[in-house]
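These notes concern the structure reproduced below.
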Protein chains: 2
Amino acid sequence: MLKAERHKYIMTKLVEEQKVVTTDLALALDLSEDTIRRDLNELDSKKLLEKVYGGAVQVTEKSADVFNITISDEEEKIKIVTKALSLLRDDQVIIMSGGSTNLVFAKLIPADLKATIYTYSLPIAMQLSQHPNIDLIFIGGKMQKNAMVTIGMDVIQVVSKIKADICFIGASSINVKQGLTEIGYEISIVKKAMIEASDRVVSMFSSDKLNTKMPHVVCDLKQLDTIVTNLDPEDASLEEYRKSGVFIL
Amino acid sequence: MLKAERHKYIMTKLVEEQKVVTTDLALALDLSEDTIRRDLNELDSKKLLEKVYGGAVQVTEKSADVFNITISDEEEKIKIVTKALSLLRDDQVIIMSGGSTNLVFAKLIPADLKATIYTYSLPIAMQLSQHPNIDLIFIGGKMQKNAMVTIGMDVIQVVSKIKADICFIGASSINVKQGLTEIGYEISIVKKAMIEASDRVVSMFSSDKLNTKMPHVVCDLKQLDTIVTNLDPEDASLEEYRKSGVFIL
DNA sequence: CGAATTACTGCAATAGTTTGCATGTTTTAA
DNA sequence: TTAAAACATGCAAACTATTGCAGTAATTCG
């Protein structure tokens with residue numbers, strides 16, 4: 001029996017019964033449970049079903065409401081950004097890129113902080129727009145749909161005229177050799193401009209971004225002043241990053 | 001029975017009956033109360049319900065969420081904007097101001113409409129950012145907090161360079177003598193610029209805005225091409241507006 | 001063709017999860 | 001205040017997952 005065949009069988013069964021059980025499938029298809037589990041994991045990664053302990057269930061379609069932003073691993077991200085809150089001072093000029101980690105950060109910025117914040121991310125601007133003491137400037141331009149950020153020359157032009165004390169920059173990928181890299185060219189050049197415009201560059205990301213790479217280089221590790229992760233700063237996996245001289249929070 | 005299955009059952013039951021009782025669930029699902037309690041605690045930590053002594057209740061709506069925008073009289077506004085949908089054509093360049101009526105309008109723009117839309121309202125940009133065929137340009141600048149729109153010279157500068165086919169402009173107040181008026185000076189000048197930039201000016205509002213005034217004049221009634229209200233175009237209270245020559249939808 | 005590479009499957013050892021029960025504590029309500 | 005009900009915690013048994021490995025099948029490429 002072909003793997004594709006099995007997958008079809010599993011999906012059919014799933015629709016019929018709202019769930020599938022690993023052991024039942026192994027029995028029905030006369031295969032080891034290991035194989036079934038591998039199938040289920042594969043289908044899960046394709047988002048065709050949701051693997052759960054003991055089997056799999058149908059994917060629950062989350063509401064199509066644009067304003068209902070779900071943040072994955074929010075708990076983890078809260079831990080990361082909480083550390084970064086110590087970098088904030090009154091009267092700073094701040095630039096923030098997009099990304100869900102930065103969004104969580106925006107949520108947790110203390111209500112009494114007085115600062116000027118530039119951003120080109122719609123969700124972050126929405127979040128900060130309710131902050132009583134922050135002067136918020138949105139950097140306009142053409143919207144990149146899914147990411148809900150503006151991109152392009154308009155953004156670069158505005159950013160390059162800013163003189164910021166600090167910028168908080170999301171990371172798609174980071175590694176010791178290439179530094180910060182991005183999947184999209186446009187985002188990478190906007191981030192370059194942000195870094196140019198800021199005295200201090202901070203990047204926050206979870207450890208699964210470590211030692212990965214994307215096509216477009218943003219900057220060297222050296223150009224980052226501080227990185228903030230969910231790991232302990234002394235963690236072994238940060239060893240090489242420590243050596244490069246970047247401050248780890 | 002899979003744990004994930006149970007959780008779905010519990011959540012369904014919770015929606016149906018507004019509450020669940022530990023002992024009842026244990027009986028219904030033929031499991032120990034301990035297991036049910038663990039389930040409820042788990043769902044609680046995911047914020048899907050609130051665990052209470054003896055069972056669990058639905059989570060109370062959190063209103064402090066910036067992204068949870070409530071639109072008053074949404075039904076009424078849907079009626080208004082639905083009429084205005086007929087003004088849309090493929091390949092138009094459109095400017096939209098802020099306001100909840102325009103937000104409802106944005107929601108109802110057909111998915112197959114190809115157009116370029118400029119806006120300076122965060123919620124409207126969020127809404128339109130998911131639209132597959134719209135080129136969206138956000139007009140940046142300093143954010144006005146509560147309204148979630150950008151204002152000021154940056155906005156004026158961009159708007160004055162646009163050549164738009166049509167603009168959809170919210171209204172705070174309108175009357176036959178002064179025309180369109182606004183409570184804030186900054187908003188009024190942005191709207192003036194929008195009108196300048198557009199071949200055709202459309203204003204949508206509910207009838208309670210009729211015959212009211214605010215301090216800052218936006219434009220004459222004559223400068224509006226079309227107004228869209230919840231009233232029948234032939235309604236008596238629109239008599240004087242009809243006379244002024246504006247088209248009423 | 002045939003050697004090398006790649007993909008698939010089952011097994012075994014290890015690791016992690018779930019569940020009910022026993023125990024002791026906390027909460028509720030008469 | 002007190003007794004019953006609900007709860008939290010630790011534990012053991014059963015169950016489920018992951019990982020590396022080895023054997024086999026399928027595919028690729030010279």
Side-chain angles (χ1 to χ4, degrees), chain A residues 1-60 72-76 79 206-213 230-232 235-237, chain B residues 1-60:
Chain A
M1 179 176 235
L2 297 174
K3 190 162 75 149
E5 226 174 322
R6 279 201 315 272
H7 286 191
K8 276 190 184 171
Y9 177 90
I10 292 171
M11 291 311 296
T12 308
K13 192 107 179 170
L14 184 64
V15 172
E16 277 170 7
E17 313 190 356
Q18 281 80 229
K19 63 152 188 178
V20 288
V21 177
T22 311
T23 51
D24 293 355
L25 285 172
L27 213 65
L29 298 172
D30 192 27
L31 285 163
S32 73
E33 292 181 17
D34 303 70
T35 301
I36 300 297
R37 269 191 280 273
R38 277 185 274 242
D39 285 344
L40 295 180
N41 280 328
E42 204 173 318
L43 292 167
D44 178 277
S45 67
K46 284 185 197 160
K47 309 241 171 109
L48 295 173
L49 48 72
E50 189 189 347
K51 176 93 183 69
V52 298
Y53 197 86
V57 295
Q58 287 175 303
V59 281
T60 48
S72 59
D73 288 320
E74 188 163 7
E75 299 300 317
E76 194 79 338
K79 279 185 208 159
S206 64
S207 56
D208 55 0
K209 306 284 174 68
L210 287 171
N211 308 319
T212 62
K213 68 166 283 208
N230 50 321
L231 302 175
D232 185 286
D235 192 286
S237 50
Chain B
M1 178 177 236
L2 300 173
K3 190 165 75 147
E5 222 178 334
R6 272 200 323 268
H7 286 190
K8 281 191 178 173
Y9 176 90
I10 293 171
M11 290 312 296
T12 308
K13 192 108 179 168
L14 185 63
V15 171
E16 277 170 5
E17 312 188 358
Q18 285 86 57
K19 62 156 190 178
V20 288
V21 176
T22 310
T23 50
D24 294 354
L25 285 171
L27 213 65
L29 298 172
D30 192 26
L31 285 163
S32 74
E33 292 181 20
D34 300 75
T35 301
I36 301 298
R37 266 191 284 275
R38 277 185 276 241
D39 284 345
L40 295 180
N41 282 329
E42 205 174 317
L43 292 167
D44 179 276
S45 70
K46 283 186 198 159
K47 311 242 173 103
L48 295 173
L49 49 71
E50 190 189 344
K51 178 91 184 68
V52 296
Y53 198 87
V57 295
Q58 287 175 301
V59 282
T60 47

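The sequence lines fix the lettering, A, B, ..., with proteins before strands; numbering per chain opens at 1.
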*Would Arg37(B) and Glu33(B) pass as an ion pair if we require N to O under 4.0 Å?*
yes
*Between the side-chain atoms of Tyr53(B) and the base atoms of dT27(C), is any donor-acceptor pair under 3.5 Å?*
yes
_Does a side-chain N or O of Lys3(B) approach OP1 or OP2 of dT16(D) to a distance below 4.0 Å, or not?_
no
*Can you check whether Lys13(A)'s main-chain N or O pairs, donor with acceptor, with Glu16(A)'s side chain at less than 3.5 Å?*
no
*asked:* Between Arg37(B) and dC21(C), is there a contact of a side-chain N or O with OP1 or OP2 at under 4.0 Å?
replied: no
*Round to the nearest Å and state the distance from Lys51(A) atom NZ to dG16(C) atom P.*
16 Å
*Carboxylate-amine/guanidinium contact Arg38(B) Glu42(B), below 4.0 Å*: no
*Separation of Leu29(B) atom CG from dG20(C) atom C1', in whole Å?*
15 Å
*Flag, side chain of Thr12(B) to backbone of Lys8(B), donor-acceptor distance under 3.5 Å*: yes
*asked:* Judged by each residue's nearest nucleotide on DNA chain D, which is more toward the 5′ side, Arg38(A) or Val21(A)?
replied: Val21(A)
*Whole Å only: how far is the CD1 atom of Ile36(A) from the P atom of dG10(C)?*
8 Å
*For the pair made of CG in Asp39(B) and C1' in dG20(C), what is the distance, rounded to whole Å?*
13 Å
*Measure from CD on Glu33(B) to C1' on dT9(D) and round the result to the nearest Å.*
16 Å
*Asp30(B) atom CG: more than 12 heavy-atom contacts under 6.0 Å*: no
*To the nearest angstrom, how far is Leu2(A) atom CG from dA25(D) atom C1'?*
12 Å
*Measure from CD on Glu5(A) to P on dT9(C) and round the result to the nearest Å.*
11 Å
_Whole angstrom value for the distance that separates C1' of dC8(C) from CG of Asp30(A)_ = 16 Å
*Thr22(A) side chain N/O closer than 4.0 Å to the phosphate oxygens (OP1, OP2) of dT16(D)?*
no
*Examine dC7(D): is either OP1 or OP2 under 4.0 Å from a nitrogen or oxygen in the side chain of Asn41(B)? Give yes or no.*
no
_Looking at Asp34(B) and dA6(D), is any side-chain donor or acceptor paired with a base atom of the opposite kind under 3.5 Å?_
no
